[in-house]
Every structure is written in C-alpha cells, then in structure tokens.
There are 4 protein chains.
Amino acid sequence: MRTPDPDPNDDARPGPGVPFAAGLPGGFRSQGEADANPGWLSDVELAEARRRLPILYVEAVPVRTDGMGVVTEVGLLLRATPLGEMTRTIVSGRVRYGETVRDALFRHLENDLGPMAFPLLPAQPVPFTVAEYFPMPGISAFHDDRQHAVSLAFVVPVTGTCEPRQDALEVTWLRPDEAASEAVAADMEGGRGTLIKLALASVGALR
Amino acid sequence: MRTPDPDPNDDARPGPGVPFAAGLPGGFRSQGEADANPGWLSDVELAEARRRLPILYVEAVPVRTDGMGVVTEVGLLLRATPLGEMTRTIVSGRVRYGETVRDALFRHLENDLGPMAFPLLPAQPVPFTVAEYFPMPGISAFHDDRQHAVSLAFVVPVTGTCEPRQDALEVTWLRPDEAASEAVAADMEGGRGTLIKLALASVGALR
Amino acid sequence: MRTPDPDPNDDARPGPGVPFAAGLPGGFRSQGEADANPGWLSDVELAEARRRLPILYVEAVPVRTDGMGVVTEVGLLLRATPLGEMTRTIVSGRVRYGETVRDALFRHLENDLGPMAFPLLPAQPVPFTVAEYFPMPGISAFHDDRQHAVSLAFVVPVTGTCEPRQDALEVTWLRPDEAASEAVAADMEGGRGTLIKLALASVGALR
Amino acid sequence: MRTPDPDPNDDARPGPGVPFAAGLPGGFRSQGEADANPGWLSDVELAEARRRLPILYVEAVPVRTDGMGVVTEVGLLLRATPLGEMTRTIVSGRVRYGETVRDALFRHLENDLGPMAFPLLPAQPVPFTVAEYFPMPGISAFHDDRQHAVSLAFVVPVTGTCEPRQDALEVTWLRPDEAASEAVAADMEGGRGTLIKLALASVGALR
C-alpha cells in the first residue's frame with residue numbers, strides 16, 4: 001500500500017500552476033541549487049526525507065453535485081499498481097516547498113483528472129479530515145508503507161469532463177451508497193475506504 | 001433592528017422551489033386549511049408564533065471567488081427600512097414548514113439576488129455559524145426586536161449577475177477587509193457586522 | 001417514530017437552568033400570559049405549532065474520551081415507547097423561546113443523563129450536522145411522524161456518572177464500531193443510526 | 001519572525017509522551033541511526049530539510065471556558081526573543097516523524113504550559129484553520145523567515161494551572177475582545193494576531 005506519486009519527476013519539474021517556479025527571489029531557494037531543480041528535492045533526497053519527517057499531502061475526493069449542491073456521485077480513480085494489480089484511489093499528492101495548499105490541490109486535480117475537469121475549489125481552507133498515514137498499520141485508520149504522510153483531505157465538486165492522466169486508467173462515478181460500501185473499500189489502498197466514508201459524512205451523504 | 005422579511009406574502013405563497021407545495025398527502029397539512037394557504041401560517045398566526053417559539057432562519061453571505069476558490073468580494077444588500085433609513089444586510093429568510101434548509105436557502109437567494117445570480121450551494125449541510133437573534137440585546141451578538149430567531153448561516157459563492165428584488169435596492173461588492181470594517185458593521189442591522197466577520201473567518205479571509 | 005419529548009410539562013415548567021425564567025422584562029413575554037406559564041406554549045398550542053412551523057431541536061451524542069481526547073465509547077439511551085417497545089436513542093429536545101442553543105443542550109443533557117454526568121459542552125457553537133426530521137420518510141435520512149423538526153446535533157463528552165431520568169431506562173456504552181453497526185441502527189428511531197455515524201465521522205472515529 | 005522552537009534538543013530527545021520512542025520495530029528507523037537519536041533529525045539535517053520541504057506544525061490557542069463551554073479567556077505566552085525583545089505567541093511546535101498530530105499537540109502543550117495545565121484535547125481531529133507560514137511575506141497572512149511551515153491550529157481549553165516552561169516567561173489571560181485587538185496583534189509574531197481572530201471566530205467569541 002503506497003500513497004501514489006504518479007509523476008516520477010514530480011519534484012524536479014515545476015508545472016505551470018506552481019506559483020514559486022519563476023517569481024521567487026533567489027534567497028528562497030537553497031544554496032547551490034541548479035536551475036534545472038528550482039527548490040525541490042532530488043529523488044534521493046526525497047527518499048531520505050521520507051524516513052525522517054512527516055510529509056505533507058493533499059487529497060481530494062471528486063464529486064458531482066446537483067443544482068442544489070447535493071452530492072450525487074463520487075469519482076474514484078482506477079489505477080494499476082507496478083505489479084499490475086488494479087486498485088481504486090482518489091486524487092492525492094505532495095505539497096511542494098513554497099506552494100500553497102490550495103495550489104497543490106489544484107495541481108494534483110489537474111494532473112489526475114485532466115485540464116477539463118473544472119474543479120470547484122472550496123472557499124473554506126479547512127479539510128474535512130486530517131488523514132495520518134503511517135508505515136506501520138494500527139496507529140491510525142490509514143497506512144503507507146513508504147512514509148509518514150499527513151494529508152489534508154477535501155471534497156471537491158468537478159463540473160467538467162475528467163480525462164485521467166498519468167497512470168490513472170479511468171474515473172468511475174459511483175452513487176454515495178456504492179462508494180461507501182465494503183466492496184469498494186476493499187479495493188482501495190491505504191485505508192482510503194474510510195476516507196471516502198468521512199468525506200460522504202462531511203457532506204451529509206452517508207447513511 | 002428586524003430580521004428582514006421582504007415578502008409580506010412569504011408564508012401564504014408557496015414558490016416553485018418549494019417541494020411540498022403539491023406533492024404532499026393531505027395529512028401533512030393542518031385541518032381546515034384552505035387550498036390558497038397550503039400548510040403555512042397566516043400573518044396573525046405567524047405573529048403569535050413569533051412570541052412563543054424560536055423561529056428557524058437561513059442566512060447567506062454572498063461572495064465572489066477567484067478561479068482557485070479564494071474569496072475576493074463580499075456582496076452586501078442595501079435596503080431601505082420602513083422609516084426610509086438605509087441599512088446593509090445579507091440574504092435572510094424563514095424556513096417554511098416542510099421545506100429543507102437547502103431549499104429555503106435557494107429560495108431566499110433567488111428572492112433577494114434574482115434568478116440570474118447562479119449561487120453555488122455548499123455540499124456541506126453545516127453552517128459556518130448558528131446566529132441566535134434575541135429580542136433583548138446582550139444575550140448574544142445578535143438581536144431582532146420582533147422575535148427569537150435561530151439562523152443557520154452559510155457563505156455562498158454566486159457566479160452570475162445579481163438583480164436585487166423585493167425591497168433590496170442594490171448589491172454592493174466589497175473587498176473582505178472593507179466588509180469586515182467597523183464602518184460597514186455600523187450600517188448593518190441586528191449585529192450582522194459580526195456575522196460578516198465570522199463568515200470571512202470561516203473562509204480564511206479575515207485578517 | 002417520534003422525537004422523544006420525555007417531560008410532558010416541558011414547555012410549562014421552566015427549570016433552574018433556564019435563563020429567562022426570572023430575569024426577563026415583561027415585554028419579552030406574550031400578552032395575557034399567566035405567571036404559571038411564563039412565555040412557553042400550552043400543549044394544545046404546541047401541537048398546533050407543530051403542524052405549521054419547523055420546530056428547533058438540539059441533540060447530543062454522549063461520548064467517553066481517553067486522556068488524549070480520542071472517543072472511546074458512545075452512550076446510547078434505552079427507552080421504552082408508549083407501546084412498550086424498547087428503542088435506543090440519544091439526548092434530544094426542543095429549544096424554548098428565549099433559550100440559547102447552549103442552554104437547551106445543557107438542560108436536555110441534565111434531564112436525560114442526570115445531574116452528575118458533567119458534560120463538557122463544546123466551545124464551538126457549530127453542530128457536526130443539521131438533522132432535518134420530516135413527517136414523511138424519504139425527504140431526508142431522518143423522520144418524525146409528529147412534526148417537522150430541525151435538529152442541531154453535537155458530540156458531547158461526559159466525564160461523570162450517568163443516571164438516566166425521565167423515561168430513559170439506562171445508558172449503554174458501546175465501542176465506536178459497535179455503535180456504528182447496522183444492528184444498532186435498526187434499534188434506533190427516526191434514522192438516528194445515521195446520526196451516530198455522522199457523529200463518529202466528525203470525531204474521526206468511523207472506519 | 002520565527003516559529004518558536006523552544007527546545008534546541010527537540011528533535012534529538014524523545015519525551016515520555018512520544019509513542020514511537022521505544023516500541024517501534026527497527027525497520028521504522030532509518031539505517032545507521034544511533035540509539036541516542038532514534039528516528040529524528042540532527043540540527044543540520046533539520047536546517048537542510050527546512051529549505052526543501054514544507055514542515056508540519058501544530059499550534060494551540062489555550063482558552064478558559066465557563067461551565068457552559070463559552071470561551072471567557074485566551075492565554076497568550078510572553079516570550080523573549082534572542083535579541084531580548086518581548087513578543088506574544090501561542091503554543092506551537094513541529095510534528096515529529098512517527099508521531100500523531102494529537103500526540104504532538106499534547107507534547108507541545110505540556111512543554112509550553114507545564115504538566116499541570118490539564119488541556120482538554122478536542123475530540124475532533126480537524127483544525128479550526130490551516131495556517132500556512134512562508135518565508136516571504138505577502139503569500140498568506142502568516143510568515144516565518146526560517147521555513148515554509150504548515151500548521152494545524154486548534155483551540156484547546158485548559159483546566160489546570162499553567163507554569164510556562166522553556167523560554168516562555170508567563171501566560172497572560174485576556175478577554176476575547178482584548179485578545180482580538182490590534183494592540184495585541186502588533187505584539188504577536190508571524191501574523192498570529194490573525195490566528196487569534198480566526199480561533200475566536202471558530203468558537204463564536206469574535207465580535
């Protein structure tokens with residue numbers, strides 16, 4: 001069970017949505033940093049940090065709402081693991097150095113759902129839950145054998161068309177009761193079946 | 001200071017958005033009720049109930065957000081009191097018998113901002129605060145000399161064009177720091193200057 | 001299925017915890033009100049109002065927490081219905097005219113759990129959910145054949161000893177996973193099994 | 001303006017409240033780690049990480065509440081900066097690798113307020129806000145010239161006696177309106193005057 005990190009170059013390639021990529025004064029970057037790697041970690045450094053520090057993540061449960069704001073569907077990503085196993089997951093990724101939580105959320109939504117998903121980012125900066133992933137199971141409802149990750153989790157309505165990118169094969173839309181079922185939870189990695197239930201509860205759509 | 005109730009026929013005229021107007025079996029209505037008044041109170045009865053029961057309200061602070069969900073403006077309604085005095089207020093109104101909170105919120109948004117405001121109702125059913133209006137000042141931050149009203153207050157992004165109806169003269173859009181100022185609070189009735197601050201705090205836009 | 005209203009004199013007898021019983025100027029009460037009934041409704045009037053207005057309720061899910069604030073147990077009330085059937089419920093009751101939500105919450109906790117329960121009322125005035133009870137099933141997850149009730153629901157840690165009063169026979173303490181089970185939900189009235197799940201989700205104790 | 005890190009050995013000395021200090025299997029620690037430094041960072045490593053990763057913090061606004069849960073006072077720490085300047089701050093500190101947010105919150109409360117403060121940790125795991133501290137001012141309301149810190153901020157009632165430890169000189173208890181004043185905000189570092197206002201808003205104590 002791993003927190004998916006779809007883009008292997010995630011930390012070396014700042015995307016267009018990253019506010020600090022160009023505009024920051026040099027002092028914000030660490031000394032001796034090459035232009036090709038403006039302020040983020042090399043793979044080796046990230047691997048090391050993951051054994052020493054809790055890593056900050058954002059996660060988004062994509063939903064469809066009706067005209068009155070009621071959640072009618074939950075979007076789950078179908079993803080193939082390196083071993084070829086199929087799992088379901090949600091939008092998830094790391095917050096970079098210098099990046100706001102909101103920018104990270106938008107960047108990962110675009111990475112995972114494509115540029116035409118048109119997510120409605122929440123006005124509220126408070127997550128519906130803080131999911132704590134530990135390498136050892138049993139400490140919390142969530143685990144990640146790679147790291148100690150602390151994830152700020154949001155419900156995000158999407159209004160456009162999802163075209164999964166990276167290693168996500170497709171987005172499946174489920175009714176709230178289906179999404180909260182034990183069958184779906186069994187397909188989800190790292191305890192994210194619980195995260196789906198907490199997300200549905202936060203919008204009053206869990207029964 | 002009164003909780004505005006712009007439509008004098010509010011309780012007698014069910015609008016198109018009211019789910020119970022047609023579909024309910026007769027048993028849901030009180031005995032002897034005329035067809036012209038399907039289930040709500042006469043003015044006299046409402047006036048009496050207002051002296052005996054806490055009355056449930058919904059309120060909405062209309063906001064504009066940027067593409068990332070950050071609140072950039074707050075919309076305040078300019079309204080003339082019966083005495084000709086100008087006050088600022090927000091969207092506010094009673095929840096009818098048989099009406100969901102969400103339907104009441106939508107109905108009052110449409111009543112006060114017009115049919116082209118296109119409000120984005122929140123997926124979350126939980127208000128940012130519960131404002132308790134008492135006839136006597138000093139019990140809470142909020143007062144209403146007409147009744148004991150308990151209001152579920154929401155921040156609602158609007159994406160269209162506001163055309164104030166009823167007795168609202170116009171909608172003024174202010175920056176968050178302007179909306180939270182003492183000068184604006186002094187123009188607002190019933191302690192709603194405090195409500196604006198709590199609304200801005202809930203979206204991280206109060207400094 | 002009914003919202004329990006254990007004390008038949010609930011509306012006529014102001015208790016010691018009710019802030020308006022003595023201190024209010026006469027103007028706050030309705031005209032012609034006898035001293036024995038200071039500002040609340042007679043049974044007949046309440047029955048009539050219940051067919052015309054949404055009635056404001058508070059509800060509390062009593063919990064035990066460990067020293068770190070983690071919810072370890074949920075307290076459910078065992079109650080006999082007028083027909084002698086046993087049902088499980090939570091702390092629940094009406095907000096009176098002139099009473100704050102917080103005072104109503106405290107009054108009903110004391111009524112249902114006894115004076116030695118020592119509940120820790122939340123600093124936050126915002127409920128974990130707003131439960132809307134309708135006489136007709138299907139409009140929301142909650143129903144009450146007697147009225148349209150809108151309930152502000154809170155999770156309340158209790159630190160003392162519960163001695164159920166009124167018609168509650170006992171308080172049963174269950175682990176969170178037991179309290180969220182379908183078996184328990186089947187014993188609860190008005191859809192409150194869903195309310196328990198939402199309560200547990202709000203404290204991160206639902207899996 | 002710096003996020004205070006009172007204990008210079010914070011990362012090397014696991015305290016009694018840290019769950020992972022003893023019980024973890026060796027695999028949870030990085031290779032080559034000496035017994036004296038079980039799993040956390042050296043000062044040099046932490047300094048380096050601070051220039052590369054957002055660092056996860058917890059913060060607590062200590063409050064006193066009355067018997068009904070209403071916030072009556074806010075506790076601010078008086079602290080001397082290395083330059084001898086006096087500033088006001090709140091409880092604040094890093095989340096360690098392997099530590100839960102709740103454990104980190106408890107550890108820093110004990111560190112800053114002493115062992116007799118008896119804080120009531122919230123049942124809810126969701127902060128009232130997520131404060132994002134950046135080295136450059138202007139990106140958010142919060143700044144920290146040392147690092148990019150993301151802080152989960154909680155309101156925590158304390159029921160015992162505070163005996164400030166570390167470099168905190170004293171705890172001053174202020175009324176909510178005093179704590180929210182501009183004068184107090186001017187004495188607070190890193191924009192925490194705003195954090196106090198958001199904390200008070202979350203408990204309905206901001207006017």
Side-chain angles (χ1 to χ4, degrees), chain A residues 16-19 58 60-75 99-110 115-129 152-160 176 179 196 198-207, chain B residues 15-19 58 60-75 99-110 115-129 152-160 176 179 198-207:
Chain A
V18 182
V58 288
V61 178
V63 299
R64 299 274 190 202
T65 58
D66 67 13
M68 299 296 283
V70 175
V71 169
T72 54
E73 289 181 315
V74 177
E99 187 181 36
T100 65
V101 166
R102 199 177 281 278
D103 285 330
L105 196 56
F106 187 82
R107 177 169 59 87
H108 290 293
L109 282 161
E110 194 172 52
M116 306 302 284
F118 298 125
L120 295 173
L121 291 203
Q124 285 77 7
V126 177
F128 70 84
T129 203
L152 309 179
F154 298 86
V155 173
V156 179
V158 299
T159 60
I196 297 293
L198 298 183
L200 288 168
S202 77
V203 295
L206 184 81
R207 295 214 175 178
Chain B
V18 180
V58 287
V61 177
V63 298
R64 298 275 190 202
T65 58
D66 67 14
M68 300 295 284
V70 175
V71 170
T72 54
E73 290 181 315
V74 177
E99 186 181 35
T100 66
V101 166
R102 200 176 280 278
D103 284 331
L105 196 56
F106 187 82
R107 177 169 58 87
H108 289 293
L109 282 161
E110 194 173 52
M116 306 302 282
F118 297 126
L120 295 173
L121 291 202
Q124 285 77 8
V126 176
F128 70 84
T129 203
L152 309 179
F154 298 86
V155 173
V156 180
V158 299
T159 60
L198 298 184
L200 288 168
S202 78
V203 294
L206 185 79
R207 295 213 175 177

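Chain naming here is simple, since letters A, B, ... match the order of the sequence lines and numbering starts at 1 in each.
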Asks: So for V70(B), is it side chain, backbone, both, or neither that comes closer than 4.5 Å to the heavy atoms of chain A?
Replies: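 Backbone plus side chain of V70(B), per the 4.5 Å heavy-atom cut-off to chain A.
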
Asks: Any idea which heavy atoms bring P125(B) and S202(A) closest together, and the distance?
Replies: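 Shortest heavy-atom separation between P125(B) and S202(A) comes out as CD-O, 3.6 Å.
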
Asks: Please state whether the side chain, the backbone, both or neither of P157(A) comes within less than 4.5 Å of a heavy atom of chain B.
Replies: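 Neither part; nothing is under 4.5 Å.
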
Asks: Restricting to non-hydrogen atoms, name the atom on L121(A) and the atom on M68(B) that form the minimum distance, rounded to 0.1 Å.
Replies: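 Scanning both residues, the minimum pair turns out to be CB-O, 3.3 Å.
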
